[in-house]
Peer 1: 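Here it is: the structure, laid out below.
Since the structure is predicted, the reported quantities are computational estimates derived from the model, not experimental observations.
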Amino acid sequence: MLPVSGRGRRWRDHRQVINAILWKLRTGAPWRDLPERYGPWKTAHERLRTWTADGTWQKILDEVIVKDDSIGEVEWIVSVDSSVVRAHQHAAGARKKGAPSASPEKHSGGPEVG
């Protein structure tokens with residue numbers, strides 16, 4: 001289901017590139033931090049971009065779903081992790097009880113202008 005080659009010369013091994021893409025997605029690290037064992041980061045990035053744009057990833061997913069569904073093994077497990085941390089009002093810069101307001105006060109003792 002994967003394209004045979006790109007323009008010009010033969011492509012790097014698909015297995016190595018797919019492992020690179022999975023490493024990047026799993027770690028969330030920048031592409032430039034891709035370990036050398038996966039080959040050049042630009043190759044993996046470009047292949048991901050190309051296969052996403054031409055629908056290759058969608059075709060693979062569709063095929064896997066059809067095959068698994070035919071034997072009754074489709075199981076969708078979705079796990080979403082979300083945390084909400086609310087800060088106390090004082091952490092947001094709220095005025096403390098009895099603290100002077102932020103508005104400028106008139107100075108005493110000097111002539112007032114205005």
Peer 1: With side chain to side chain contact (heavy atoms under 4.5 Å, CB included) as the test, would you mind laying out the steps for I18 and W51 before giving the verdict?
Peer 2: CA-CA 11 Å; I18 290 172; W51 288 351; 4.1 Å; yes

Peer 1: Test: side chain to side chain donor-acceptor pair (under 3.5 Å). Region: residues 52-64. Which pairs qualify, not counting sequence neighbours?
Peer 2: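 Sorted result for residues 52-64: D54-T56, Q58-D62.
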
Peer 1: Roughly how far, to the nearest 0.5 Å, is the NE2 atom of H45 from the CZ atom of R32?
Peer 2: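 If I round to the nearest 0.5 Å, the distance is 10.5 Å.
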
Peer 1: Go through the steps to decide whether Y38 and N19 satisfy the test side chain to side chain contact (heavy atoms under 4.5 Å, CB included), and finish with yes or no.
Peer 2: CA-CA 7 Å; Y38 297 121; N19 284 335; 3.6 Å; yes

Peer 1: Closest approach of A20 and L34, non-hydrogen atoms and distance?
Peer 2: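 Heavy atoms only, the tightest pair is O-CD1, 3.6 Å.
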
Peer 1: May I ask you to check if K42 and W31 form a cation-pi contact, with NZ or CZ under 6.0 angstrom from the six-membered ring centre and within 45° of the axis?
Peer 2: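 Judged by the rule, K42 and W31 form no cation-pi pair.
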
Peer 1: Could you measure the distance from the NE2 atom of H14 to the CZ atom of R47? Nearest 0.5 Å is fine.
Peer 2: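 The NE2 atom of H14 sits 6.0 Å away from the CZ atom of R47.
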
Peer 1: Rounded to the nearest 0.5 Å, what separates atom CG in L48 from atom CG in L25?
Peer 2: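 So the gap between those two atoms works out to 6.5 Å.
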
